[in-house]
Structure formats: C-alpha cells, structure tokens
Amino acid sequence: MTKQEYIVLYEKFCTGKCTSEEEILLDKYSKDFLIDDPWVGDMGNENEVEARITNQINYSINKVKNRNLQTWLTAAAAIILLTVGALLFYNLDQGDKKSQYSIVKHQGIKGDIEPGGTKAVLTLATGQKIILDSAKNGLIVTQGNTKVVKLANGELAYRSSNSDNLTITNNTMSTPRGGRYDLILSDGTKVFLNAASSITYPTRFSGNQRKVKITGEAYFEVSKNPKMPFVVIANGTETQVLGTHFNIMAYDDEPSIKTTLLEGAVKFKKANSEVILKPGQQAVLTGLSNNITVQNANLEQTMAWKNGYFTFQDEDIQTIMRKVARWYDVEIIYEPNLKKTSFGGSVSRYKNVSDLLKVLQTTGTIHFKIDERRIIVMN
C-alpha cells in the first residue's frame with residue numbers, strides 16, 4: 001500500500017464508509033507508516049505529538065458509533081500522524097529558517113470554487129473544433145486513413161493503417177484553465193496534458209523524426225523507435241528522446257522551462273547549448289538565457305499534477321498561486337507588502353479550493369478571501 005492509497009482509505013474511514021476489512025487494513029499498515037514517515041521527527045517532541053493526537057481522537061470519537069474501538073484508536077493515531085505529514089503545510093521563517101508546524105484547522109473562508117476536470121478542445125487542420133469533454137465515446141472523426149477515437153476511459157486515440165500512402169495533417173489539442181486531458185498518438189506515445197496547455201502533432205508520423213510542439217505542461221510516455229527519434233519543441237527549446245518517460249513544464253508565466261526525466265535518456269537543448277539527462281535529473285532554462293543547468297529533480301513534486309495532487313516544497317506563495325490559478329481558473333490578487341514566506345506539503349487537486357487555502361492559512365502568515373472567481377491573498 002502506498003502513502004497516497006493510505007490517505008485515500010483514511011478519508012473514506014472518516015466519512016464512516018470503511019468496511020471492517022478496510023479498518024483491519026488500516027490497522028495493519030499503521031506501524032509501517034509511523035516508522036517510515038519522515039515528517040514525524042519534525043512535528044515537535046514526542047509528548048507534544050502525543051497530546052495533539054489524543055485531542056484529535058477525543059474530538060472525533062464522539063462522532064463515531066458502533067465501531068470496534070480498539071481498531072479505531074490504533075488506526076486513528078497512525079493516520080493522524082500521516083495526515084499531518086501529507087496535508088500539513090509548513091512555514092519557513094526567512095530570518096532563522098525555523099520550520100513551524102500546526103494541525104490543520106478549519107479556518108473560515110466564505111465562498112468556494114470547484115476543482116478543474118477532464119476538458120479539452122481538438123482543433124483539426126480544417127479549423128473545425130471539437131469539444132472533447134462533451135463528445136460521445138467512439139469515433140470522433142476520420143482524417144484520411146486515420147481514425148480519431150474517444151476511448152471509454154476518456155482518452156483520445158489516433159489509429160492509422162501501416163500504408164505509406166496516407167494523408168497527414170496536423171491537429172492541436174488544447175486544455176483550458178481548469179482542464180486536463182490524455183492523448184494517445186498514432187505511434188502509441190501517451191501524452192498527459194496539464195491545465196492551460198496545448199500540443200500540436202501530426203495525425204501520423206513519417207520521415208526520420210516524430211516531432212510535436214507544446215505550450216504549458218505535458219508528461220510523455222514515448223513509444224520506443226530507435227529509427228525515428230521523438231522531438232518536443234517548447235518555447236524555443238528542443239527535447240529529443242528515443243523512448244522514455246519525461247515531463248516538460250514551459251508555461252509563459254513561469255520564470256523557467258524545466259524538463260524532468262523519469263526513465264530512459266533525454267537530450268535537451270536550446271540554440272548551441274545542450275545537455276544529456278539521466279533518470280532523476282532536471283534541466284532548467286531560466287528566462288531568455290541559453291545557459292542550461294542540470295539538477296537532481298524532486299520527482300514527487302514534478303509529477304504531483306499528473307497524480308492528482310498539489311505538492312510543494314519550499315515554494316513561495318506566488319509560485320503556488322500560479323498553479324492554483326491555472327487549475328481552478330481563477331484570478332489571483334495580492335495585497336501589497338506580502339511577507340516572504342515559503343510553504344511545503346501535499347493536498348489533493350480534486351478538492352475545492354477552500355480546502356487548499358485553509359491548509360495554507362494554518363501557518364498563520366497568510367490569509368485568503370474568495371470573491372466570485374477571484375482569490376485575494378493577504379497577510
């Protein structure tokens with residue numbers, strides 16, 4: 001069982017929907033997560049942690065009836081520790097850099113905004129636009145000898161015959177703010193498109209390269225073909241692979257372009273500068289410079305969006321809120337003279353925005369107000 005699966009099961013437990021078998025499963029894995037959770041050591045001394053857990057259990061136990069008390073207490077103690085590690089945001093004071101932690105409290109935020117979902121528009125070479133989230137499953141359109149199909153799981157797939165005498169045109173898939181979508185190209189390559197992003201690609205690959213162009217952010221699982229390298233163009237950069245898994249983040253409103261390699265090998269270049277990445281490494285290109293730096297990547301943080309989470313590590317509020325703006329399709333307004341504060345933690349992307357904002361507020365250094373589709377950030 002993974003940490004994220006454990007959290008999901010706990011959330012089910014809190015709503016009273018766990019079966020007796022699931023409660024036993026929670027109990028079975030509780031010690032593993034207590035021992036392995038790296039956040040436990042940062043939450044204070046043992047007595048303080050125990051006191052906070054006891055208070056939470058005493059509060060919750062009055063709401064739970066007809067439960068196996070021993071199983072509940074054992075699971076609850078472990079899960080509360082895990083939840084602190086997974087859902088707690090911390091504040092790094094810029095003076096002494098000392099982390100300060102607090103249990104998530106439901107601080108009042110009026111109004112709410114639902115999360116984004118599976119949304120995209122397909123633009124054909126003719127200019128015709130197809131709204132994919134409302135399109136029915138099955139055949140969407142035929143372009144020459146290529147069929148474009150919406151699968152039962154919502155993915156869009158291209159299926160071409162092996163004939164060389166095929167008409168090849170370019171299509172573009174675009175996700176709005178508050179949307180994401182998955183795509184299977186004609187060679188079997190899988191593309192996961194984040195919010196406010198696009199990918200332009202041929203209906204069928206030919207020649208000695210498989211070339212696509214993106215804006216925004218996308219994760220690729222490239223089908224191997226040594227005779228035809230796969231090339232991704234993004235904001236003047238070029239990423240070339242033979243068959244691998246990697247993520248490219250190239251939003252116009254971000255200060256840098258980042259290519260992160262999960263497996264295989266990648267060549268990343270701009271102009272005359274290029275680097276070869278190994279798994280677990282990240283190429284970073286900042287501003288208009290051609291200087292590429294290579295650093296070890298935080299893969300959990302990089303892949304959080306694809307896995308359905310917001311995961312931050314020592315990120316300032318502006319960086320966090322850019323992600324929030326794209327996913328919830330909101331405008332962010334900052335009050336002047338905001339304190340320089342960094343945050344870290346993890347929250348599901350499929351919760352309403354107030355859940356995320358409440359967690360950020362627990363640091364006591366930042367507050368929010370929701371005004372229709374605007375979020376105001378205050379000290």
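When a residue number appears, it is its place in the shown sequence, counting from 1.
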Novice: Does Arg326 qualify as a cation-pi partner of Tyr251, given the criterion of NZ or CZ under 6.0 Å from the six-membered ring centre and within 45 degrees of its axis?
Specialist: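 Satisfied, under 6.0 Å and within 45°.
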Novice: With sequence neighbours excluded, what pairs up with Asp187 under the side chain to side chain contact (heavy atoms under 4.5 Å, CB included) test?
Specialist: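 Partners of Asp187 by the side chain to side chain contact (heavy atoms under 4.5 Å, CB included) criterion, ordered by chain and then number, come out as Leu185, Thr189, Phe205, Arg210, Ser223, Phe230.
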Novice: Which heavy atom in Leu193 sits nearest to a heavy atom in Ser198, and how many Å separate them?
Specialist: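 Heavy atoms only, the tightest pair is CD2-CA, 4.0 Å.
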Novice: For Thr123, which residues count as a side chain to side chain donor-acceptor pair (under 3.5 Å) partner, sequence neighbours excluded?
Specialist: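 Per chain and number, Thr123 pairs via side chain to side chain donor-acceptor pair (under 3.5 Å) with Lys129.
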Novice: Are the ring centres of Tyr158 and Tyr201 closer than 6.0 Å?
Specialist: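 Ring centres of Tyr201 and Tyr158 closer than 6.0 Å.
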Novice: Could you list the residues that satisfy side chain to side chain donor-acceptor pair (under 3.5 Å) with Thr175, not counting sequence neighbours?
Specialist: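 By the side chain to side chain donor-acceptor pair (under 3.5 Å) rule, Thr175 matches no residue at all.
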Novice: Within a radius of less than 6.0 Å around CG of Asn208, do more than 12 heavy atoms belonging to other residues, nucleotides or ligands occur?
Specialist: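 Incorrect, the count does not exceed 12.
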Novice: Would you say the side chain of Thr118 lies within less than 4.5 Å of the side chain of Asp133, judging by non-hydrogen atoms?
Specialist: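 No, side chains not in contact.
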Novice: If two hydrophobic side chains count as joined below 4.5 Å and joins carry through other members, does Val149 share a cluster with Val141?
Specialist: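 No; Val141 is not reachable from Val149 via cluster members.
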Novice: Do the side chains of Ile130 and Val121 get nearer than 4.5 Å, heavy atoms only?
Specialist: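 They are not in contact (no side-chain heavy atoms under 4.5 Å apart), so the answer is no.
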Novice: Quick one: is the NZ or CZ of Arg349 closer than 6.0 Å to the six-membered ring centre of Trp327, and within 45° of its axis?
Specialist: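 Arg349 over Trp327 ring: yes.
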Novice: Can you measure from OG1 (Thr286) to CG (Asn291) and round to the nearest 0.5 angstrom?
Specialist: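 CG of Asn291 is found 9.0 Å from OG1 of Thr286.
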Novice: Using links of under 4.5 Å between side-chain heavy atoms of ILVMFWY residues, direct or through other members, which residues join Ile376 in one cluster?
Specialist: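 Hydrophobic cluster check, Ile376: joined to Ile333, Met378.
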Novice: Measuring centre to centre across the rings, with the benzene-like ring taken for any Trp, is Phe312 within less than 6.0 Å of Phe343?
Specialist: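 No, they do not, as the ring centres are separated by 6.0 Å or more.
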Novice: Once you round to the nearest 0.5 Å, how far does CD of Gln282 lie from CZ of Phe246?
Specialist: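 Rounded to the nearest 0.5 Å, the CD-CZ separation comes out at 13.5 Å.
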Novice: When the ring planes of His245 and Tyr219 are compared, do they come out parallel, tilted or perpendicular, using 30° and 60° as the limits?
Specialist: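 Ring orientation, 0 to 90° scale: perpendicular.
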Novice: State, with a plain yes or no, whether a side-chain heavy atom of Val284 is found less than 4.5 Å away from one of Gln295.
Specialist: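 Touching, per the 4.5 Å side-chain cut-off.
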Novice: Out of the candidates Ile320, Leu357, Thr341, Val377, only one should pair with Ile366 under the side-chain contact (heavy atoms from CB on, under 4.5 Å) rule; please name it.
Specialist: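 So, applying the side-chain contact (heavy atoms from CB on, under 4.5 Å) to Ile366 and each of Ile320, Leu357, Thr341, Val377, only Val377 qualifies.
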Novice: For Asp112, which residues count as a salt bridge (Lys or Arg N to Asp or Glu O under 4.0 Å) partner, sequence neighbours excluded?
Specialist: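 Not a single residue meets the salt bridge (Lys or Arg N to Asp or Glu O under 4.0 Å) criterion with Asp112.
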Novice: Evaluate the salt bridge (Lys or Arg N to Asp or Glu O under 4.0 Å) criterion for residues Glu254 and Arg322: first the C-alpha distance (whole Å), next the side-chain angles of each, then the deciding distance (0.1 Å), finally the verdict.
Specialist: CA-CA 8 Å; Glu254 292 290 345; Arg322 285 196 296 271; 3.0 Å; yes
Novice: Going by side-chain hydrogen bond (donor to acceptor under 3.5 Å, both in side chains), name the pairs with one or both residues in residues 228-238, residues two or more places apart or in two chains.
Specialist: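 Matches after skipping sequence neighbours: Asn235-Asp252.
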Novice: Taking a hydrophobic cluster as the set of Ile, Leu, Val, Met, Phe, Trp and Tyr residues connected by side-chain heavy atoms closer than 4.5 Å, whether directly or through intermediates, do Val231 and Leu285 fall within one such cluster?
Specialist: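 Cluster IDs for Val231 and Leu285 differ.
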